[in-house]
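Notes follow once the structure below has been shown.
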Amino acid sequence: MPESPLDLAARALAAVRSGDGAQATVTTERSLLLRFARSHPSQATAIDDRTVELTVVCDGHAAGATTNRTDADGLAACARTAQEGAEATARSRGDTDGSPGPHPGFPAPGPLRGHAGHDPETALLDPARGGTALEAAFAAATAHGAEAHGVWTAAETETAIASTSGVAVADRLTDAFMKVTAFAPSGRSGYAAAAATDSKALDPHGLAERAAVKAGFGGVAAEAPHLEPGEYPVVLESLAVGELITWLGLLALNGLAFAEGASALEGRLGARVAAPRINLSDSPRYPGTLPRAFDLEGVPKAPLALIQDGVAHGLVHDRRSAALAGGGAESTGHALAPGGSPDGPAPTHLVLAGGAAADERELCRPIERGVYVTRLWYTNPVRPKETLLTGVTRDGTFLIEDGEVTRPLADLRFTDRVLGVLERAEELSARPVLTSEGEFYGRRFATGVVCPAMRVGSLRFTG
Amino acid sequence: MRDLLTNLTQAAADRCDYADARYVRSRAESLATRNGEVDEVERHESEGVGVRVRRGGAWGFAATRELTRAGLEGALQRALEVAEAQPGAPATQLAPEPPARGRYHSPCDHDPFEVSTEEKLGVLLAADEGMRGDPRIAVIRAHHLAFSEDSVFASTEGALYEQRTVDCGGGVSATAVANGETHVRSHPASFRGDVARAGYEHFAGLALAEHAPRVADEALALLTAPACPDGRTTLLLDGGQLALQIHESVGHATELDRVLGGEASYAGTSFLSPGDLDDRRYGSPRMHVTADATVAGGLGTFGWDDEGVAARRVDLIRDGVLRGFLSSRESAAGIGLERSGGCMRASGFDRQPVVRMTNVNLEPGDAGSLADLVAATDRGVLMETNRSWSIDSRRLHFQFATEVAWEIEAGERRRLLRNPSYAGVTPEFWAGLDAVCSADEWRLWGVINCGKGEPGQTMRVSHGTAPARFRDVQVGVA
C-alpha cells in the first residue's frame with residue numbers, strides 16, 4: 001500500500017527537530033497532457049511526482065525548503081535546510097529591536113466541507129481516452145476544412161497539510177481540460193475550450209466544431225479588415241470576461257496589495273465600483289467550478305462575497321496579509337503558498353453571477369456598431385493600482401453591425417481599466433460557465449473562473 | 001546515473017525509433033526582504049528522470065522521481081504507451097547531430113549555495129535600509145536568487161554527457177505611493193532584478209546598497225513628474241528595456257516551432273514563414289542579431305542543449321535581413337536545414353524540451369556611450385527599465401511601458417517623465433533603428449520568467465544589448 005500524502009506530511013513534519021512551529025505540505029501530481037498541431041499529435045507529457053515543502057518558524061521568522069526526495073534522508077535534509085534558513089533569518093534580525101519576526105503563526109484546524117471534485121475514471125489517466133479525443137477533434141476540424149491545434153489533458157492531484165498547530169488535512173481532485181484552436185484556409189483562427197473535474201464532460205468533437213466554424217466565419221477572404229482605434233461597444237465571451245476578472249482578483253481584491261496601498265479598492269470598500277448588475281464572489285463549491293477544500297495554509301475554503309450589486313464588499317486574505325491589514329482581519333482561505341505568497345493571496349474560485357440575456361447573440365442585439373471578442377491574450381497590467389491592463393484579442397474577433405455579428409476583424413489591442421469595464425457592463429448572459437486557460441506551470445494547480453458573457457458599453461482599443 | 005540512463009536507452013532502442021533520457025537535479029534559492037523584514041527564505045530541490053521516445057511519428061514523454069532501474073523502466077513504458085495511444089502521424093526526420101559526449105560546467109567563481117544565508121540577507125537588509133526614510137515609499141523589496149542544475153543525458157544515438165550550470169543574481173525596488181499615483185523604480189532590472197550564468201560574484205557586483213538611495217529618490221520623483229506626452233518621436237531605449245524588446249519581437253518571432261505552427265494553441269505563431277529565410281528585411285541595416293549559446297555569463301549558455309546539440313552561435317538577423325531561426329533537430333529538418341540551431345531546452349526533469357531562446361543578442365554598434373547617443377539626439381524620449389509588456393500572438397503588434405523616461409532636447413537629458421509607454425509593429429519599429437551604442441556599453445541582461453510550452457515551462461534566457469535609438473515611434477499610448 002503506497003504511503004498516503006497525509007501520512008507523508010506527518011512523517012515530514014516529524015523530521016523537523018527545532019523551531020517554534022512547522023508546516024509540512026505535500027503536493028502530488030499525476031497528469032497526462034497531449035498536444036496537437038495542424039491536426040497531428042505533437043507532444044505528449046506524463047508526469048508522476050510528489051513534492052514535500054517544509055516551512056519552519058523560528059522566533060517569528062519563517063523559512064521553507066522543498067524536495068521530491070521522500071525517503072528518510074531526503075526529508076531530514078529538507079528539514080535541516082528549512083530549520084537553518086529560519087535560524088539564520090532570526091540571527092540576521094536579532095540585532096534590531098529584539099521583537100519577534102512577522103510570521104503570524106500557523107492556523108488552528110477548522111471544519112472542512114467536502115466536495116465532489118474527484119472522478120475515479122478521470123484519475124486513471126488513460127492515454128487511449130486522450131487519443132480518441134484527438135481523433136474526434138481532427139475529424140471535426142477536417143469536416144470544416146480547418147486544422148486543429150490544442151491540448152487534451154487530465155490529472156489527479158492531491159494536497160495534504162500537517163502542522164504543529166494541529167492541522168492534518170488532505171484534498172484529492174481531478175481536473176480535465178481541452179482546447180482547440182482551429183485555423184481555416186484563410187489563415188483566420190477560432191477557439192473553443194472546456195474544463196471540468198470529469199474528463200467525460202469534455203466534448204472534443206463539439207469543441208473542434210465550434211472553433212472551426214468560428215475560424216471559417218466570413219468565408220475565404222484572407223485579410224480581415226482593421227478597425228480604427230477608439231472606443232467601441234463590445235460583447236465579451238465568457239473566456240474574455242474570465243481573463244479580466246482574474247486580473248481584478250490579483251490586482252484589486254488581493255488583501256496584501258490593499259494593505260500596502262496598491263489596490264484600486266483602497267478607500268472604496270463599501271462604495272460602488274461596478275455596475276449594479278455585477279455580483280462577484282469567491283465560491284469554492286459553486287456548480288461547475290474546480291472545487292477545493294482548503295488553501296495552502298490549511299484554512300478551510302468558504303464562500304466570500306467580493307462585489308455585491310456593484311458595491312465592493314470584501315477582499316481575500318492569507319494569514320500574513322490579514323496580520324498586516326490589522327483591524328481584526330482574518331485569513332479568508334486564499335493563501336497560495338505556505339506562509340503566504342510574496343505576491344499576496346488571490347481568489348481561486350471566482351464566480352460572476354449571470355444576467356438576463358439568453359446568450360451572446362442576444363447581447364449583440366442592441367449594438368449598432370461594435371466588436372465581438374472571443375478571448376484576450378497577453379494581458380498585462382500597465383498601472384496596477386488603476387487596474388489598467390493592455391492585451392490583444394485573439395482567435396475570433398468580429399464586427400457587430402445592427403445587432404448581428406457580420407464579419408471577421410483583425411485582432412485588436414485594448415488598453416483599459418478592469419473596473420472601468422465593470423462600471424460600463426450593460427448586460428450579462430444568463431448562464432455562467434467555467435472558463436480556464438489551462439496553464440499548468442510548476443506543480444499543477446487547476447483553477448478557473450465561472451462567468452457569463454458580457455456586453456460592455458465601451459472598451460478602449462488602442463491599436 | 002550514467003549507467004542507469006545508458007542501460008535504459010539501450011533497452012529502448014528496439015522498442016522505438018528514437019529515445020533519450022535526462023536526469024536532472026534542480027536547485028533554486030530565493031531570499032527576499034520587504035520593508036525591513038525578511039520576506040522570503042526558500043530553497044527548492046527536485047530530481048528525477050524524463051524519458052522521451054519517438055514511435056510511429058508521435059512523441060511520448062514520461063517523468064518519474066523513482067531513480068531506480070524499475071522506476072526508469074516504468075517511465076519508458078509509460079512514454080511508449082502515450083506515444084502509441086495518439087493518432088497516427090507522418091514520421092519526420094531529425095537533423096543529424098554527432099552524439100554528444102563529455103562534461104560541461106558553467107563558469108562559477110563562488111558557488112552561491114555555499115555562501116551563508118546571513119551574508120546574503122545582510123546585503124539585502126543593507127539595501128533595504130538605503131531605500132527607507134520617506135513615508136511615501138510604501139513597499140521596499142530586495143532579492144537574491146540562485147539556481148543550479150546538474151544533468152546527465154543519454155540517447156539511443158549514443159550520446160552521453162553531464163553538465164552543471166549555476167545562475168545567480170538579484171535586485172532592489174522601491175514603490176512610491178501618494179495622491180493616487182503609484183510608481184516603482186528598480187535596479188538593475190525590474191521583476192526581481194538581473195540574473196547571470198555565474199556565481200555569487202555576479203550578485204555581489206550588483207552593488208545593491210550603493211544604488212538603493214537613487215532608486216528610492218527616483219520613485220519619489222516620479223510621483224510629481226509630468227506624464228509622458230503622446231505622439232511620434234525619437235525613442236532611446238536603455239539596455240534593459242531593449243532586452244525585452246528583442247525578447248518579444250525577435251526572439252519569440254524566430255522560434256521555428258512557432259513559425260511552423262507547432263505552438264499555435266498556446267504561445268502563438270509568427271509573422272515569419274520558412275520562405276522568409278535570407279530574404280525578408282526585418283529591420284534597418286544596423287540590426288545584427290545572433291543566438292549565441294557560447295557567450296560567457298548568458299542564461300542560455302551551455303555545453304549542449306537538452307537534446308544533445310552542441311552549443312552554437314548563429315546569425316538570426318544580419319544587416320537587417322533574416323538569416324536564421326531558433327530551432328530543434330525536428331524543426332530544422334522540417335525546413336531542410338542541415339543542423340539544429342541547438343535551442344531545445346527543458347525547465348526540469350518533468351518537462352520535455354521545446355524550442356527556446358538561448359542568448360538572443362543585438363550586436364553592438366558604433367554610437368559610443370549612452371551619453372554620446374543622447375548628445376547626438378535633437379529631440380526625443382529616453383525610456384528605461386521595463387514595467388509592462390504585451391504583444392500579439394504573431395509577434396507583430398506590441399506595447400511596452402517602462403518605469404521611467406527622460407525628455408531629450410537639444411542633445412541633453414531634461415525632465416523626468418512618469419508613465420512612459422510606446423507601441424509599434426515589429427518590422428516598422430526595427431526599420432527605425434538608426435544607432436546602437438558601442439561595445440563598451442554592451443552587456444547581457446537576464447530574463448528569468450520566459451513562459452512557453454504545455455505543460456508550462458519557465459525558462460531563463462539572456463539578451464546582450466547596448467542602448468539604441470529608434471526613429472518615428474509612437475509614445476505615450478497608455
Side-chain angles (χ1 to χ4, degrees), chain A residues 32-35 37-38 40-49 61 63-68 81 85 88-89 91-93 101-102 127-128 130-131 134-135 138 149-151 179 181 183 260-262 342 377-383 385 388 390-392 394 411 413 415 439-441 462-463, chain B residues 32 34 37-48 58-65 78-79 81-83 85-87 89-90 116-118 121-122 125 138-139 175 177 182 261-262 264-265 350-352 388-393 397 399 401 419 421 423 451 454-458 477-478:
Chain A
L32 176 62
L33 187 146
L34 309 182
R35 298 186 86 186
R38 309 194 78 162
H40 290 299
S42 57
Q43 290 170 338
T45 301
I47 296 171
D48 188 347
D49 196 19
H61 298 282
T66 302
T67 185
N68 68 344
T81 301
T89 305
R91 285 194 297 274
S92 294
R93 304 302 293 132
L134 266 57
E135 284 174 351
F138 298 167
H149 305 246
V151 155
K179 66 177 177 183
T181 306
F183 277 79
E260 292 181 336
W377 170 247
Y378 226 131
T379 53
N380 260 322
V382 179
R383 293 196 285 278
K385 189 166 183 181
L388 182 70
T390 189
V392 289
R394 180 178 174 182
D411 290 336
R413 170 168 298 286
T415 305
E439 290 189 343
F440 303 114
Y441 286 90
T462 52
Chain B
R34 186 188 200 107
E37 294 287 355
V38 177
D39 190 47
E40 193 179 355
V41 177
E42 297 282 344
R43 277 195 172 189
H44 302 272
E45 181 173 326
S46 68
E47 64 177 342
W59 289 100
F61 174 88
T64 181
R65 66 189 180 94
R78 181 71 168 160
E81 287 170 7
V82 168
Q86 297 173 85
S116 75
T117 303
E118 284 103 316
L121 289 176
L125 289 165
V139 184
T175 304
V177 179
T182 301
S265 72
D350 62 351
R351 298 292 191 270
Q352 61 181 303
S388 172
W389 66 99
S390 179
I391 190 165
D392 71 7
S393 58
H397 298 266
Q399 180 170 310
N419 294 335
S421 60
E454 294 174 295
Q457 302 190 40
T458 303
V477 292

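All values derive from a computational prediction rather than experimental measurement.
Looking at B:R78, only its side chain comes within 4.5 Å of chain A, counting heavy atoms on both sides. Of the atoms belonging to B:A478, heavy atoms from both backbone and side chain fall under 4.5 Å from chain A. The contact between A:T66 and chain B is made by backbone and side chain atoms together, counting heavy-atom distances below 4.5 Å. When heavy atoms are compared at a cutoff of 4.5 Å, B:T182 approaches chain A solely by way of its side chain, counted from C-beta outward. Proximity to chain A (any heavy atom under 4.5 Å) is restricted, for B:E40, to the side chain, taken from C-beta onward.
With chain B as partner, the option from A:L388, A:T81, A:L33, A:D411 having the largest number of non-hydrogen pairs under 4.5 angstrom is A:L33. For the set A:R35, A:E135, A:E439, the entry with the most heavy-atom pairs within less than 4.5 Å of chain B is A:R35. In terms of non-hydrogen atom pairs under 4.5 Å with chain B, the most contact-rich of A:Y378, A:F138, A:F183 is A:Y378. Ranked by heavy-atom pairs under 4.5 Å with chain B, the first of A:P127, A:A46, A:G131 is A:A46. Counting heavy-atom pairs closer than 4.5 Å to chain B, the top-ranked of the candidates A:P381, A:A65, A:P342, A:G261 is A:P342. Chosen from A:V392, A:T415, A:T45, A:L32, the residue pairing most often with chain B at heavy-atom distances under 4.5 Å is A:T45.
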Item to complete: Test A:L134 against A:H40 for side chain to side chain contact (heavy atoms under 4.5 Å, CB included), laying out the working first.
Response: CA-CA 8 Å; A:L134 266 57; A:H40 290 299; over 6 Å; no
Practice prompt. Could you give me the CA-CA distance, side-chain angles and deciding distance for A:T390 and A:V382, then say whether side chain to side chain contact (heavy atoms under 4.5 Å, CB included) is met?
Written response: CA-CA 7 Å; A:T390 189; A:V382 179; 3.8 Å; yes
Practice prompt. Assess whether side chain to side chain contact (heavy atoms under 4.5 Å, CB included) is satisfied between B:V82 and B:F61, documenting all intermediate values.
Written response: CA-CA 7 Å; B:V82 168; B:F61 174 88; over 6 Å; no
